[in-house]
Amino acid sequence: MNSFEKISEAVQGGQAPEVKQHVQQAIDEGNDVNDVLDALLDGMSIIGKKFKNNEIFVPEVLIAARALNGGLDIVKPILTKSGIEPKGKAIIGTVEGDLHDIGKNLVKMMLVGAGLEITDLGVDVPAERFVEEAIEKNVQIICISALLTTTMDKMKEIIDVLENRGVRDQFTVMVGGAPVNAEFAEKIGADYYAADAATAAEIAQKLHQED
Ligand code: B1M
């Protein structure tokens, strides 16, 4: 088994110390940190499929998520080491009713790496709070994550609140998460859809180059 397979296996097994050990080893061996990240996500993706097929249940998923986060803690400083002044400000959060935060945290990590100053609102964030924080922090981008088909409509609610308060034009709204796609983003009036964290960072960087 190579280092990447070991990382993926350890995530699937929820073996936090082993995940950290294999991630560190893969980095020390000189592997690209993005490949290490892919190995971590591969493990979680397999967990997702098993969860869907009822082969495993919430406790196993949580243990795998904890092991994944241990690995992410190691790659995070490398991915975010930009050493440059913030190029702009954004807020990020997961919509109300939704507790998934692994993808959101990855997007945040990549945005920090792209040179943005990020305020993380966490999970289960009501629409009003997204808008209040965006205004108060004077950000340019509002980043919204949703992982459930039952919560993705909350994204539209945030855009409605922005419109009702007459501030829609002041912000760029970017949405993402497993059930979201470009068509949905367009339908609810979001400005951008990003399929993954790297694309989110690319969009944010492009926006600031245009300023
Ligand atoms: Co949940 N869960 N979960 N879960 N969970 C899913 C999402 C599900 C698809 C599993 C399945 O059935 N296959 C399913 C949703 C089905 C649906 O809505 N159609 C599901 C369900 C049903 C549930 C519960 C309802 C289960 C239950 O209780 N019966 C429950 C809901 C709780 C709640 O939120 N209210 C629940 C609970 C949980 C746990 C707590 C156990 C745990 C979350 C732990 C945590 O986040 N701290 C969990 C997990 C881990 C998952 C899976 C297995 C993995 C999600 C994940 O972290 N993926 C997931 C199955 C799956 O997705 N394969 C599943 C890794 C992460 C890196 O990917 O978040 O997609 P993702 O992020 C990606 C992109 O989507 C994108 O970038 C990231 C990668 O670069 N992205 C953005 C995300 N946000 C973005 C924002 C952007 C741009 C890109 O711009 C702003």
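These figures come from a predicted structure and were not determined experimentally.
In this structure, CD1 in Ile135 is found 13.5 Å from CZ in Phe130, a value given to the nearest 0.5 Å. In this structure, CG on Asp38 lies 8.5 Å from CG on Asp32, to the nearest 0.5 angstrom. Taken to the nearest 0.5 Å, the CG atom of Leu116 stands 8.0 Å off from the SG atom of Cys143. Atoms NZ and CG, from Lys52 and Asn54 in turn, are 11.0 Å apart once rounded to the nearest 0.5 Å. Note that CG of Leu72 is 11.0 Å distant from NZ of Lys20, once rounded to the nearest 0.5 Å.
The minimum heavy-atom distance between Gly97 and Leu148, with the atom names listed, is O-CD1, 4.2 Å. A pairwise comparison of heavy atoms in Ala204 and Ile141 identifies CB-CD1, 4.0 Å as the closest pair. Of all the heavy atoms in Val19 and Ala67, the pair that sits closest is CG1-O, 3.4 Å. The minimum heavy-atom distance between Ala201 and Leu111, with the atom names listed, is CA-CD2, 3.8 Å. Closest heavy-atom contact between Phe184 and Met155: CE2-SD, 3.9 Å. Scanning all heavy atoms of the two residues, the minimum distance from Tyr193 to Ala185 falls at CB-CB, 3.7 Å.
The same ILVMFWY cluster, assembled from side-chain heavy atoms under 4.5 Å apart, contains both Val112 and Leu207. Tracing side-chain contacts under 4.5 Å through hydrophobic residues (I, L, V, M, F, W, Y), one reaches Met44 starting from Val58; they form part of the same cluster. Residues Val107 and Leu121 do not share a hydrophobic cluster, defined by chaining ILVMFWY side chains whose heavy atoms lie under 4.5 Å apart.
Environment of CD in Glu186: sparse, with no more than 12 heavy atoms of neighbouring residues, nucleotides or ligands closer than 6.0 Å. No more than 12 heavy atoms of other residues, nucleotides or ligands lie within 6.0 Å of CD in Glu183, so this atom counts as exposed by the packing criterion.
Looking at Thr199 and Asp196, their side chains do bring a donor and an acceptor atom within 3.5 Å of each other. In summary, the side chains of Glu29 and Gln25 do present a donor paired with an acceptor at a separation below 3.5 Å, with no hydrogens or angles considered.
A heavy-atom distance below 4.5 Å is found between the side chains of Leu106 and Leu37. Residues Val95 and Ile158 meet the side-chain proximity criterion, which asks for heavy atoms closer than 4.5 Å. In this structure, Val175 and Tyr192 have side chains that are not in contact, with every pair of non-hydrogen atoms separated by 4.5 Å or more. Looking at Val125 and Glu133, their side chains never come closer than 4.5 Å, going by heavy atoms from C-beta outward. Two residues are said to be in side-chain contact when any heavy atoms from C-beta on lie closer than 4.5 Å; Ile56 and Ile47 meet this criterion. The shortest side-chain heavy-atom distance between Ile118 and Ile91 does not fall under the 4.5 Å cut-off. Looking at heavy atoms from C-beta onward, Gln140 lies out of side-chain contact with Thr172 at the 4.5 angstrom threshold. Under the 4.5 Å side-chain criterion, counting only non-hydrogen atoms from C-beta, Met174 is not in contact with Ile144.
Under the 3.5 Å distance criterion, the side-chain polar atoms of Glu96 are left unmatched by any main-chain donor or acceptor of Asp124. Judged purely by atom type and a 3.5 angstrom limit, Asp101 has no side-chain atom pairing as donor or acceptor with the backbone of Val123. Checking side-chain atoms of Gln170 against main-chain N and O of Val167 turns up no donor-acceptor pair under 3.5 Å. In terms of modelled atom types and a separation under 3.5 Å, the side chain of Asn53 and the main chain of Lys49 share a donor-acceptor contact.
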**Study point:** Candidate pair Glu128 and Arg165, rule salt bridge (Lys or Arg N to Asp or Glu O under 4.0 Å), full reasoning
**Key:** CA-CA 10 Å; Glu128 289 282 348; Arg165 291 208 185 182; 2.7 Å; yes
Review point. Run the side-chain hydrogen bond (donor to acceptor under 3.5 Å, both in side chains) check on Asp42 and Ser8 step by step: do they pass?
Key: CA-CA 6 Å; Asp42 177 67; Ser8 173; 2.8 Å; yes
**Study point:** Intermediate values then yes/no, salt bridge (Lys or Arg N to Asp or Glu O under 4.0 Å), Asp191 and Arg168
**Key:** CA-CA 11 Å; Asp191 299 300; Arg168 175 66 186 92; 2.9 Å; yes
Exercise for review: Begin from the C-alpha positions of Met109 and Asn105 and carry the test side-chain contact (heavy atoms from CB on, under 4.5 Å) through to its verdict.
Suggested key: CA-CA 6 Å; Met109 201 188 281; Asn105 292 342; 5.6 Å; no
Check your understanding: Can you check salt bridge (Lys or Arg N to Asp or Glu O under 4.0 Å) on Lys6 and Glu9, steps first, answer last?
Key -> CA-CA 5 Å; Lys6 284 183 191 163; Glu9 287 275 331; over 6 Å; no
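Ionic pairing of Arg129 and Glu136 is not present here: no N-O contact between side-chain nitrogen and carboxylate oxygen is shorter than 4.0 angstrom.
Screening Asp120, Asp98, Thr94 for a side-chain hydrogen bond (donor to acceptor under 3.5 Å, both in side chains) with Lys104, the sole residue that qualifies is Asp120.
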